[in-house]
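Just so you know, ligand 1 is whichever comes first in the structure, and atom 1 is the first atom listed for that ligand. Since this is a predicted model, take the numbers as computed values, not measurements.
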Amino acid sequence: MSLARPIVLGNWKMNGLAGDSAARTEALKELAGASLTGTLGIFPPATLLDRARGWVEGSPILLGAQDCHAKPSGAFTGDLAAPMLREIGATAVIVGHSERRQYHAEGDATVRAKAEAALEAGLLAVICIGETEAEYLAGETLDRLATQLEGSLPDASDAARVVVAYEPVWAIGTGRTPTSEEIARAHGFIRDKLKARFADGGAFGILYGGSVKAENAEEILAVDDVDGALVGGASLDAEGFWAIYKAGIAPGA
Ligand code: PGA
């Protein structure tokens with residue numbers, strides 16, 4: 001079974017100390033109430049996961065981590081293994097974020113190994129792909145997406161355990177977004193590739209990420225094959241983040 005739509009996930013990145021994070025999560029918990037028709041998740045820094053498990057207790061908010069190592073244990077100073085994240089209360093993990101690909105030189109093979117480790121540990125894998133600005137300007141977006149999809153997604157992927165996030169690198173944290181037509185084209189392409197490779201490819205959640213805010217969420221989330229959003233900066237404000245989630249609820253749902 002795939003995740004309930006909209007799927008709106010907040011990547012806090014390297015932001016948050018206990019005090020402000022508790023207040024933000026409490027505010028979001030109040031807005032979310034006891035149940036949701038869609039999927040709402042937060043991805044705090046690993047240092048907060050233990051506490052955050054308590055903060056979201058009794059609420060439908062999903063708790064995830066921002067990255068994991070490909071191995072379940074070993075001599076990897078500073079890294080965190082997927083089973084450790086699972087044990088501390090995370091049920092999902094982001095892998096292949098462009099900031100990891102860029103600043104930690106992670107290629108598709110590494111991302112795929114991490115995603116496999118996540119699945120092995122029972123975590124939902126949120127696998128990020130997206131073209132750079134140079135690739136976008138050269139008209140190479142779809143080629144790049146094809147390569148990343150092929151290289152980063154484990155063969156064992158299915159709609160219940162893997163979500164794909166399309167995040168153009170040039171749209172992350174910049175305030176710039178592709179047009180709705182460009183997003184539709186990329187998401188339609190990703191959908192076709194998923195359908196060609198996986199029996200339930202039509203059911204995978206495909207998220208758009210990159211400068212999603214309350215102001216543009218309705219337009220972006222209404223695009224075909226956009227099942228939700230991966231939100232960075234705007235997820236640091238509970239009201240704004242909630243407004244993005246609400247914008248993804250289909251009229252009448
Ligand atoms: P942004 O980040 O919303 O701040 O652009 C998105 C992301 O990196 O997931």
Side-chain angles (χ1 to χ4, degrees), residues 3 6-16 20-21 24 28 39-46 48-49 52 61-68 90 92-106 111 114-115 118 123-133 135-136 141 144-145 148-149 152 162-180 182-183 186-187 190 204-221 223 226-248:
L3 288 100
I7 305 163
V8 176
L9 309 178
N11 172 13
W12 292 7
K13 310 193 179 187
M14 198 174 71
N15 295 292
D20 56 303
S21 303
R24 178 189 308 137
L28 187 63
T39 306
L40 184 71
I42 56 170
F43 292 68
L48 291 174
L49 286 174
I61 300 170
L62 171 157
L63 183 64
Q66 295 176 15
D67 186 52
C68 68
V93 65
I94 299 169
V95 294
H97 191 279
S98 73
E99 285 148 20
R100 300 292 314 180
R101 292 181 185 264
Q102 192 181 347
Y103 306 134
H104 299 265
E106 293 181 5
V111 174
K114 288 180 174 209
L123 297 169
L124 171 79
V126 181
I127 305 177
C128 303
I129 58 173
E131 82 284 1
T132 63
E133 178 150 38
E135 289 161 346
Y136 171 71
T141 297
R144 187 78 190 111
L145 297 182
Q148 289 182 323
L149 279 172
S152 301
V162 166
V163 167
V164 175
Y166 167 55
E167 301 205 300
V169 179
W170 53 274
I172 296 176
T174 59
R176 296 162 58 205
T177 56
T179 64
S180 292
E182 288 171 323
I183 295 175
H187 280 242
I190 293 167
F204 276 57
I206 309 176
L207 313 185
Y208 169 79
S211 297
V212 177
K213 308 186 221 7
E215 297 74 41
N216 61 17
E218 198 171 335
E219 185 181 339
I220 291 173
L221 292 170
V223 173
V226 174
D227 299 304
L230 181 54
V231 184
S235 72
L236 297 173
D237 170 65
E239 273 83 29
F241 184 52
W242 177 247
I244 294 170
Y245 170 79
K246 294 283 278 184

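- Of all heavy-atom pairs spanning F241 and G41, the tightest one is CZ-O, 3.5 Å.
- In this view, Y245 satisfies the side chain to side chain donor-acceptor pair (under 3.5 Å) rule with no residue, not counting sequence neighbours.
- No hydrogens or angles considered: a donor-acceptor pair under 3.5 Å links the side chains of W170 and E131.
- E133 meets the side chain to side chain donor-acceptor pair (under 3.5 Å) test with R176; sequence neighbours excluded.
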Protein N/O near ligand 1 N/O, under 3.5 Å, which pairs?
from     : atom 1 : to   : atom 2 : distance (Å)
ligand 1 : 2 (O)  : K13  : NZ     : 3.3
ligand 1 : 3 (O)  : G232 : N      : 2.8
ligand 1 : 4 (O)  : G233 : N      : 2.8
ligand 1 : 5 (O)  : G173 : N      : 2.6
ligand 1 : 5 (O)  : S211 : N      : 2.8
ligand 1 : 8 (O)  : K13  : NZ     : 2.7
ligand 1 : 8 (O)  : H97  : NE2    : 2.6
ligand 1 : 9 (O)  : H97  : NE2    : 3.3
ligand 1 : 9 (O)  : E167 : OE1    : 3.3
ligand 1 : 9 (O)  : E167 : OE2    : 2.6

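- With sequence neighbours excluded, no residue forms a side chain to side chain donor-acceptor pair (under 3.5 Å) with S235.
- Closest heavy-atom contact between R24 and A238: O-CB, 3.7 Å.
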